[in-house]
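The basis for the numbers below is simple: all heavy atoms, side chains too, and nothing from hydrogens, waters or symmetry mates. Throughout, protein chains are lettered first and strands after them, A, B, ... in sequence-line order, and every chain is numbered starting at 1.
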Number of protein chains: 2
Amino acid sequence: MADIREVAKRANVSPSTVSRVLGGTTRVVEEKRARVLAAIDELDYRPNVSAQSLKGIRTRTIGLVIPNVRNLVLPAAIRGVEDVARNHGYAVVLCNTDEDSEKEQFYIKTLKSRLIDGFLFTTAKINSHNIKDLQAEGFPVMLLLRELDEQSHAVVLDHYNGAYQATNYLLSRGLKKIGLVNGSLDIKLYDERYAGYRSALKEAGLKVPDEAVVHGIDGGIEAYRAATRILLNRVDIDAFFATSDDKALGVMRAIKDLGLSIPGDISVIGFDNADIALLLDPPLTTVAQPLYEMGAAACQQLIEMIEAKQPVTPQIQRFPAEVVIRNSVK
Amino acid sequence: MADIREVAKRANVSPSTVSRVLGGTTRVVEEKRARVLAAIDELDYRPNVSAQSLKGIRTRTIGLVIPNVRNLVLPAAIRGVEDVARNHGYAVVLCNTDEDSEKEQFYIKTLKSRLIDGFLFTTAKINSHNIKDLQAEGFPVMLLLRELDEQSHAVVLDHYNGAYQATNYLLSRGLKKIGLVNGSLDIKLYDERYAGYRSALKEAGLKVPDEAVVHGIDGGIEAYRAATRILLNRVDIDAFFATSDDKALGVMRAIKDLGLSIPGDISVIGFDNADIALLLDPPLTTVAQPLYEMGAAACQQLIEMIEAKQPVTPQIQRFPAEVVIRNSVK
DNA sequence: ATGAAAGCGCTAACAT
DNA sequence: ATGTTAGCGCTTTCAT
């Protein structure tokens, strides 16, 4: 590809003038400006990002660190990130870490040597060390779908309220004996969802049916086993609140395998509103996370941080959850 | 981060020696070599990729151009790409184009100015122009899940045989009246799947039930409508072959909505073996594409092309399809 | 085998 | 307002 000197020669100006036209910082006389633009166009010139970055210019590249693309909810969020990145001329490097600290470290290293402008983390487990280091070195860092502390920028859902709404919706349908299939309480968002569930129950004057509450469930298969066990123990239940759609999937399978019907015998409500929720049988009533929008918002803020002259004060954007009513609740 | 001169100073050698140790091309006396390595370690030094690329060195970055991450099958393939990329020290830039030529062009431009080492395309529609241009400029280009022509490297499935196997499996279960819900025949893979279906039928001495064959279907909703129409027309059918899992999803919903059972009344076989296929009700019998492995193979070959001294002769790797038997076929 | 020096393509400080 | 020049961090001749 043509370099800046060829453009300069063609436009009959100096390379610096070409650079100035591109940067838009200094004024260039209109006539020359036009000649430069024409030359750029004719030669299909694009500045070499490596050379620019060597001068301390942004690379317009961000690193998106996630546990695994192969997941029910992340693709929607990724797409949100990607779309706003593209609209700002940024590229995104995708990094799957499987929540593995070593892979995460590998990526941070490679990305740093690639002079990435900023990082976006969507890991569920708290590995604050890497993130804190990055922040200390002055890298813009955003957290998406998770939060760390008040010192870190994040875009998250109001999990408490989401779970509160879900439970209340079940209650409003006359369902009072609500089992809970929840993730690990060590993960903040599951702890919050648990709290929302308890609050709603408490307000309704109901107590938590401990025999039908299980935590630490990861994925559909574990959820299947947990729900089966509860059902086999003849615990009296008329609904399950699964705190993620993949757990809901397992719970639904368990109910059906026992010859019970949804929502006839037992209602199910999920959490996430993954793309597949409406494809299930019956279509799953669930708490929607605006995943695409949250990804977009996180990327937007990251880019603002990157382009800001001085450090932006940390801010946690909390998105509202919303119950999406379909057919899995009576 | 520390630069090469700091490392040199600490190891008491010249920057060139440090560079030589890193490059591994020239011999460096063992003692100095050890000192350099120690200094690199102590300072946590990583060479600046921008500076290297300015010298014509690989950036170890590849561009992965896909229609949309938010898709049933792509995440598995992406993961395959990513894993082998990481194992070779490469990073991957993810680009969603929605099959939109303009977005594709945007990405090609930005990626080129970022001095990417090579491209991986997973677009379904044939936009050969961009790809041909890239090849002409000498960029290594791989095609994944699609193919262009004999001049292009590609990793694809043996679609013909996959459809042939699917149809034969149905036949082996005593199902003779097999409807087909297919994608656009303009897309090569759907044309091939159609051919496999016809061959199996022909060999069995059966003719294609034209009233139960529909092409040009894109996505679950269109499949739902098509299957509903066929069923409502009282076409005598005992199975549907849906040529993608998302189409199978729509077909299943249509069958159930009409009060029919799967596989009791009508059997369904899909294509892809998307991650969700086993979560459906009933779990979907389908033709597996080894998506992860294909992604991995494509990335592997792309990296080989990048690191080869001279151009590699084009090669099309065709992966075998396999019927995964679950419960949606009688 | 190793160091000195040039230069990859660009931007910004400096000079005019 | 624009051109000249130095230098970002690195690799690679070239010289020793």
Task: Atom-pair distance (CZ on R33(A); P on dT2(D)), nearest Å - done: 11 Å
TODO: Can you tell me the distance, in whole Å, between the CD atom of E30(A) and the C1' atom of dA1(D)?
DONE: 13 Å
Please table the atom pairs, donor to acceptor, closer than 3.5 Å between any side-chain atom in residues 71-78 of chain B and protein atoms at least two apart or in another chain.
unit_1	atom_1	unit_2	atom_2	d
N71(B)	OD1	V73(B)	N	2.6
N71(B)	OD1	L74(B)	N	2.9

- [ ] Taking side chain to side chain donor-acceptor pair (under 3.5 Å) as the test, write out the residues that go with D98(B), two or more places apart.
- [x] R79(A), K103(B)
Open item on the list: Under 4.0 Å between a side-chain nitrogen and a carboxylate oxygen: does that hold for R35(B) and E31(B)?
Closed with: yes
Task: N-O pairing of E82(B) and R86(B) below 4.0 Å - done: yes
TODO: Output, in order, the C-alpha distance, side-chain angles, deciding distance and verdict of side-chain contact (heavy atoms from CB on, under 4.5 Å) for Q317(B) and H153(B).
DONE: CA-CA 8 Å; Q317(B) 285 181 57; H153(B) 299 259; over 6 Å; no
Open item on the list: Holding to side-chain contact (heavy atoms from CB on, under 4.5 Å), I want the full list of residues that pass it with H129(B), two or more places apart in sequence or in another chain.
Closed with: N127(B), D133(B)
Task: Span of DNA chain C, from the first to the last nucleotide whose atoms fall under 4.0 Å of chain B heavy atoms - done: dA1(C) to dG9(C)
Task: nucleotides 10-16 of chain D: protein proximity per nucleotide (B base, S sugar-phosphate only, - neither; heavy atom, under 4.0 Å) - done: BBBB---
Task: Heavy atoms of other groups near N87(A) CG, more than 12 under 6.0 Å - done: yes
In a table with atom names and distances, give each donor-acceptor pair under 3.5 Å that connects a side chain of residues 43-50 of chain A to protein atoms at least two apart or in another chain.
unit_1	atom_1	unit_2	atom_2	d
N48(A)	OD1	S50(A)	N	2.7
N48(A)	OD1	A51(A)	N	3.0
S50(A)	OG	S53(B)	OG	2.5

